[in-house]
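Some notes on the structure that comes next.
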Amino acid sequence: KAALEVFQKFIFDHVKDLVELWQKEKREGKAQSFSDMINDVHESVLNGSGELVQKLRETYRYAIIDEFQDTNQLQWDIFKTIFLESPDNNIVVVGDPKQSIFSFQGADVGVYRHAIAEIGEKNGRRLSTNYRSSDDIIEACTELFQGDFLENGDFSKSDVPVDKLKKQPPVLNGEKTAPLWISNVSDEYEFAEFAVRKIVECCAPSAGDSSKTSLRVFDKDKKELRNVRFSDFAILSRTRSEMTALESAMAQVGIPYTRYKDTNLFYGKECAHWISLLKALDAPDFSSWNRKFLNEALITDFFRVPLERVEDESFIYPTGDIMKLFVGWRQLVAKGRWAELQESIYQETEIDKYLSTPATLQQLAKVKQIGTYIFDYLYNNQVSLEEVIKHLQGLANSSEDVDDADGNLVAKGSDFDAVNLMTIHASKGLAFPIAIITGGLRGDNYRKEREPFSFDYEGQKYIGFDAGVPSETSKRENHAEWR
């Protein structure tokens, strides 16, 4: 305790000097942090000559702020001064205080409430009706956010839509089911078994009608209940490392799953197999030393040729099945018909059939997810096969970043029916009929001093007893997720 007090005193005595040195370093290096930019604009707007305010008012008549609940005081001061206090300008803000998750960078629900009150005095209105959820979910959510349950509650009640726009609640074996299922299991591995068991039970045939699944959910397009699929389930965890127990439990029973925005996707053999196939497609022919490109493609999961047979001359006969496939595929490549090529590869190689066993379903999910990424990359970037091959190789050895400019190339996975695993933060803004929340089952309060750990990082498996490593891994995961 005494040492801690000395350390704290040292920090308090020198923190002002450290801040001044840090500001000097940035000035000399002509660098600015995000906070610096906000502070500079705030100072100019509120205490400046008024030139910037006038220029912005003339340039932008309207301002629209989405996710307004994540606004901090400095940001609101800027927009309020420029737009709300001007008779010739307009501001529209849309937010939900129940979704405020950026308190770490100064976002304050109190700022939201005060701003809404100020706007309301002029011409504000509430968008209080939830059209995304069933009445039961809306009412359950409203109950959870009452003051008695949540500290500093006092959240406004969400309204249910009119009858013609209502979503039917899900039914379990023909009966209406509760909107929230709460488990009293606190061990992450026991919870994983519990969650997987529930997924299996929901997807199993109904006792009364084998053509229907036990759980049926609302189809927003057809406006009726439909059978549930694996892809209807989203499993949310606090960190990515907490997904391990659930992945293991799903693999044991053969439930396919995909990790949302998982760049580790490119470290496995599935990516290597795609690279080999694309190299063979990009080769002008298979004569001489180019034969190696065909050989590499033949031993992938797409063709499954035993290693001892890859040199068989029948594979390069012009009238043979393999050569006919590549001729046809190369024609699609030349015309840039990527969607047809993707579909043809899946259909002609029958990879869905080959990887359809419980032990290989997850491999199939990864193959499909990488395939979706590849062909979206080709369409969106207008590049050649050679360029996409180099990009995949860069992803595989961590020398390149995922092309995620639109936020969903890796995120959306594929059309393959698989359970979605993601962190709670990454799930914001997405919608799934069923969400399973596992975040919080693991934590420092439950970890023994030298309890063994295991985790995956950049394609490598780490195990050991150093209590500090899991903590650092968690921090690194959180940083990557917020970034």
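Since the structure is predicted, the reported quantities are computational estimates derived from the model, not experimental observations.
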With side chain to side chain contact (heavy atoms under 4.5 Å, CB included) as the test, would you mind laying out the steps for Ile91 and Phe79 before giving the verdict?
-> CA-CA 8 Å; Ile91 186 167; Phe79 280 95; 3.9 Å; yes
Working for side chain to side chain contact (heavy atoms under 4.5 Å, CB included), residues Lys269 and Gln363 | CA-CA 9 Å; Lys269 74 168 188 176; Gln363 294 179 41; 3.3 Å; yes
Step-by-step side-chain hydrogen bond (donor to acceptor under 3.5 Å, both in side chains) determination, Glu67 to Gln69 = CA-CA 5 Å; Glu67 304 290 359; Gln69 74 280 351; 2.7 Å; yes
Begin with the C-alpha distance, continue with both residues' side-chain angles, and end with the deciding distance and a verdict on salt bridge (charged side-chain N to carboxylate O under 4.0 Å, His left out) for Glu386 and Lys390.
-> CA-CA 6 Å; Glu386 181 181 6; Lys390 290 180 179 178; 3.7 Å; yes
Could you go step by step and tell me if Asp77 and Gln73 meet the side-chain hydrogen bond (donor to acceptor under 3.5 Å, both in side chains) rule?
-> CA-CA 6 Å; Asp77 287 344; Gln73 186 64 56; 2.8 Å; yes
Would you check, one step at a time, whether the test side chain to side chain contact (heavy atoms under 4.5 Å, CB included) holds for Arg238 with Thr438?
-> CA-CA 7 Å; Arg238 186 170 58 87; Thr438 180; over 6 Å; no
Evaluate side chain to side chain contact (heavy atoms under 4.5 Å, CB included) for Val94 paired with Ile65, printing each intermediate quantity in order.
-> CA-CA 6 Å; Val94 181; Ile65 307 177; over 6 Å; no
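Side-chain contact between Thr423 and Met243: present, with at least one pair of heavy atoms (C-beta onward) separated by less than 4.5 Å. Side-chain contact check for Leu225 versus Val217: every heavy-atom pair is 4.5 Å or farther apart. Residues Val53 and Leu46 have side chains not in contact (no heavy-atom distance under 4.5 Å, counting atoms from C-beta outward). No side-chain heavy atom of Asn39 sits under 4.5 Å from any side-chain heavy atom of Phe34. When side chains are defined from C-beta on, Ile235 counts as touching Val419, because their heavy atoms get closer than 4.5 Å. With a 4.5 Å cut-off on side-chain heavy atoms, Cys202 and Phe233 count as touching. The shortest distance between side-chain heavy atoms of Ile436 and Leu236 does not fall below 4.5 Å. Looking at Tyr257 and Asn420, their side chains never come closer than 4.5 Å, going by heavy atoms from C-beta outward.
Atoms NE2 and CG, on His391 and Leu378 in that order, are 10.0 Å from each other to the nearest 0.5 Å. With rounding to the nearest 0.5 angstrom, the OG atom of Ser86 is 10.0 Å from the CZ atom of Arg61. Atoms CD1 and CH2, from Ile434 and Trp181 in turn, are 8.0 Å apart once rounded to the nearest 0.5 Å. Separation of atoms CG (Leu392) and CG (Asn397) is listed at 11.0 Å; rounding is to 0.5 Å. In this structure, Tyr346 OH and Lys368 NZ are separated by 6.0 Å, a value rounded to the nearest 0.5 Å. For the atom pair CD1 (Ile255) and CZ (Phe230), the distance works out to 5.0 Å, reported to the nearest 0.5 Å.
The backbone N or O of Ile38 lies less than 3.5 Å from no partner atom in the side chain of His42, so there is not a single donor-acceptor pair. Not a single donor-acceptor pair under 3.5 Å links the side chain of Asp232 to the backbone N or O of Val228. Using modelled atom types, no side-chain atom of Tyr379 and backbone atom of Ile374 make a donor-acceptor pair closer than 3.5 Å. A donor-acceptor pair is defined here as one N or O able to donate and one able to accept, closer than 3.5 Å; such a pair exists between the side chain of Asn227 and the backbone of Thr213. In terms of modelled atom types and a separation under 3.5 Å, the side chain of Glu175 and the main chain of Leu172 share no donor-acceptor contact. Proximity of a side-chain donor or acceptor of Asp417 to a complementary backbone N or O of Ser231 within less than 3.5 Å is detected. Glu387 places a side-chain N or O within 3.5 Å of a backbone atom of Ser384 that can act as its donor or acceptor partner. The main-chain N or O of Ile82 is found under 3.5 Å from a side-chain atom of Arg57 such that the two form a donor-acceptor pair. Proximity of a side-chain donor or acceptor of Lys223 to a complementary backbone N or O of Lys220 within less than 3.5 Å is detected. Put simply, the side chain of Asp219 gets close to the backbone of Asp221: a donor and an acceptor are under 3.5 Å apart.
Enclosure of atom NE2 in His14 by more than 12 non-hydrogen atoms of other residues, nucleotides or ligands within 6.0 angstrom is indicated. Enclosure of atom CD in Glu51 is not indicated, since only 12 or fewer non-hydrogen atoms of other residues, nucleotides or ligands lie within 6.0 angstrom.
At a threshold of 4.0 Å, the pair Lys167-Asp135 does not count as salt-bridged, since none of the basic side-chain nitrogens sits closer than that to a carboxylate oxygen. Ion pairing of Glu193 with Arg197 is absent here, as no side-chain N (NZ or NE/NH1/NH2) approaches a carboxylate O to less than 4.0 Å.
Neither side chain, Ser248 nor Tyr189, offers a donor N or O lying under 3.5 Å from an acceptor on the other. Between the side chains of Thr129 and Asp159, no donor N or O sits under 3.5 Å from an acceptor N or O.
Listed here is the closest heavy atom pair of Phe83 and Asn90: CD2-O, 3.7 Å. Closest heavy-atom contact between Pro170 and Leu215: CB-CD1, 4.1 Å. Residue Glu118 comes nearest to Leu84 through the heavy atom pair CB-CD2, 4.2 Å, listed as atom of the first residue, atom of the second, then distance. In terms of heavy atoms, Ser33 sits closest to Lys26 at OG-NZ, 3.9 Å. Here the shortest heavy-atom pairing between Glu188 and Ala245 reads O-CB, 4.0 Å. Of all non-hydrogen atoms in Asp70 and Gln75, the two that sit nearest each other are O-OE1, 4.1 Å.
Between Tyr112 and Trp76, the ring centre distance reaches or exceeds 6.0 Å.
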